[in-house]
2 protein chains.
Amino acid sequence: MSEQSRPPKLGRVATYAGQSLEVLRGMILDGTLAPAERLNEVHLSQALGISRGPLREAIQRLASEGLVEAVPHRGVYVRSFSARELSDLYELRIALETHAVRLAARYAPQQRIDELGSMLDETESSMGVHATSAYPEDPDFHARLARLAANPPLVEALTDVGRRIRLARARSAHQPRRARTALDEHREILAALVARDGEGAAAKLESHLTSSLNNALAVLRAAEPD
Amino acid sequence: MSEQSRPPKLGRVATYAGQSLEVLRGMILDGTLAPAERLNEVHLSQALGISRGPLREAIQRLASEGLVEAVPHRGVYVRSFSARELSDLYELRIALETHAVRLAARYAPQQRIDELGSMLDETESSMGVHATSAYPEDPDFHARLARLAANPPLVEALTDVGRRIRLARARSAHQPRRARTALDEHREILAALVARDGEGAAAKLESHLTSSLNNALAVLRAAEPD
DNA sequence: CTACTGACAACTGTCAACAGTTTGCCGTAG
DNA sequence: CTACGGCAAACTGTTGACAGTTGTCAGTAG
């Protein structure tokens with residue numbers, strides 16, 4: 001067991017397992033597979049036109065992303081989140097993302113920050129047309145913000161948390177009013193970032209995410225007030 | 001596709017995939033499978049006495065934990081970490097763990113904090129005997145500290161980061177002197193926690209982890225000074 | 001009417017074989 | 001001697017079938 005060699009460069013090739021992963025993730029996040037629903041391997045593999053092997057691999061990865069929960073010998077279920085779990089996820093996200101923005105304020109090259117600004121401009125101009133995007137906290141802004149920290153493991157962790165949050169608040173989809181507010185808050189965060197004010201950006205980001213959480217919680221409780 | 005039901009309670013049953021996961025994780029963390037080494041599915045499945053199916057599932061999970069890297073059609077490799085990646089991991093860990101300790105200072109019940117203290121006493125008394133534990137930052141203390149935050153996703157994230165760090169610094173195993181220092185630093189952190197001084201505990205924790213990182217980096221550079 | 005028992009059906013876990021891709025080797029041409 | 005091309009071995013991706021477990025539902029005893 002000493003077969004020395006170095007990992008090759010990544011040469012992406014399509015694989016059924018990989019494709020199924022993306023399809024299933026989409027089905028979960030857009031509600032085709034509802035929370036608490038059980039995934040039947042036979043039915044799903046037939047629906048996707050593949051065998052159970054690759055499907056099981058895809059499901060496995062979904063479990064590691066926290067989108068489904070697998071119980072040995074009893075099947076896998078789309079995760080459903082309580083209000084408490086949603087709060088926990090947001091708290092984690094706040095810790096990660098405020099740290100990311102502090103790093104970005106210190107180390108991010110000016111150009112990348114400017115790109116974020118022009119991205120916001122595009123979002124705003126397309127806003128009048130499409131009325132609103134499907135999701136107020138457009139993941140793009142936050143994902144790009146995270147990447148400015150230039151810390152791959154941090155980005156990875158935030159991606160996972162982001163996906164779970166998106167699933168947890170799937171029902172509270174579009175909220176036109178909040179989308180407008182969110183854009184303004186994004187601009188404030190960016191302004192602090194341009195000024196290289198890490199603490200200020202972190203503070204604005206935290207309040208932004210906190211109000212986003214409160215909004216989600218309100219919708220959640222309105223849906224099931226028990 | 002609307003099969004309603006609720007997720008059952010967890011009823012752990014042994015499964016080849018699950019067992020293989022733990023075996024393989026152990027082999028990677030203790031160096032039996034060296035960094036950059038390729039995992040041959042056929043050889044491994046024969047060595048473990050199982051077929052490739054469950055083995056592939058176990059490998060899949062290792063990949064999601066960040067311990068191996070899978071390249072489609074080219075095999076999976078035990079991850080090896082550069083100094084930069086190790087720093088990134090520590091930075092992420094610091095962000096997560098300082099946040100955890102702040103939460104702990106605010107919300108953790110007194111009893112759980114006291115348990116941490118008696119655990120440190122045991123560690124110290126067993127220290128003269130075994131001379132030193134295999135790993136200076138004994139994962140137990142940090143893992144328990146994380147759990148005090150009472151935020152499962154946060155604990156999960158820290159577990160993953162901890163495993164990767166442990167792999168990254170696998171070579172720099174025992175360091176008796178540092179183990180002694182680490183224990184003292186743990187006591188300081190705990191003292192701040194007892195005083196419910198979240199900021200103080202966070203600061204002490206950060207410097208503790210920073211010196212741990214510097215120690216690891218020094219060992220790493222000594223091993224391969226290129 | 002309720003609680004237990006046993007068999008059946010459905011589903012997940014596992015296996016062995018097949019198929020497609022990658023990689024290394026060998027021969028040939030320049 | 002070096003560069004290119006094609007063949008073959010090795011390995012990963014995929015499949016369909018088998019095995020063991022779980023959950024359900026009659027049927028029966030209390």
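In the text below, chain A, chain B and the rest are named by the order of the sequence lines, each starting its count at 1.
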statement: B/Tyr77 OH to D/dT12 P, in whole Å, measures 9 Å
- line: Per atom distances to the A/Asn40 side chain, the nearest of D/dC11, C/dT12, D/dT14 is C/dT12
task: Give, ordered by number, those residues of residues 51-60 of chain A having at least one heavy-atom distance below 4.0 Å to an atom of DNA chain D; if nothing qualifies, reply none.
output: A/Ser51, A/Arg52, A/Gly53, A/Pro54
- prompt: Please give, in whole Å, the distance from C/dT12 P to A/His73 NE2?
  reply: 12 Å
field: Within 6.0 Å of CD in A/Gln110, more than 12 heavy atoms from elsewhere
entry: yes
- prompt: Does B/Thr15 have a side-chain nitrogen or oxygen under 4.0 Å from the phosphate oxygens OP1 or OP2 of C/dT12?
  reply: no
message: Can you tell me if B/Arg38 touches the phosphate of D/dT12, counting only side-chain N or O atoms and a distance under 4.0 Å to OP1 or OP2?
response: yes
message: As a test of reading the structure: which of D/dT14, D/dT12, C/dC15 is closest to the side chain of B/Glu41, going by heavy atoms?
response: D/dT12
Aromatic plane relationship, B/His208 with B/His142 - under 30° parallel, 30 to 60° tilted, over 60° perpendicular: parallel
- prompt: Side chains of B/Glu85 and B/Ser82: is there a donor and an acceptor less than 3.5 Å apart?
  reply: yes
- prompt: Between D/dT12 atom P and B/Gln46 atom CD, what is the distance in whole Å?
  reply: 12 Å
task: Of all the heavy-atom pairs spanning A/Leu24 and A/Ala58, show the shortest one and how long it is.
output: CD1-CB, 4.1 Å
- request: Can you tell me the distance, in whole Å, between the CD1 atom of B/Ile50 and the P atom of C/dT14?
  value: 8 Å
statement: Taking for B/Leu39 and for A/Gly49 the nucleotide of DNA chain D with the nearest heavy atom, the one nearer the 5' end belongs to B/Leu39
statement: Between CZ of A/Arg74 and C1' of D/dT22 the distance, given in whole Å, is 8 Å
field: Residues that A/Arg25 engages under salt bridge (charged side-chain N to carboxylate O under 4.0 Å, His left out), provided they are two or more places apart
entry: A/Glu65
- prompt: Taking the side chain as C-beta and beyond, is there a heavy-atom pair between A/Leu213 and A/Ile94 under 4.5 Å?
  reply: no
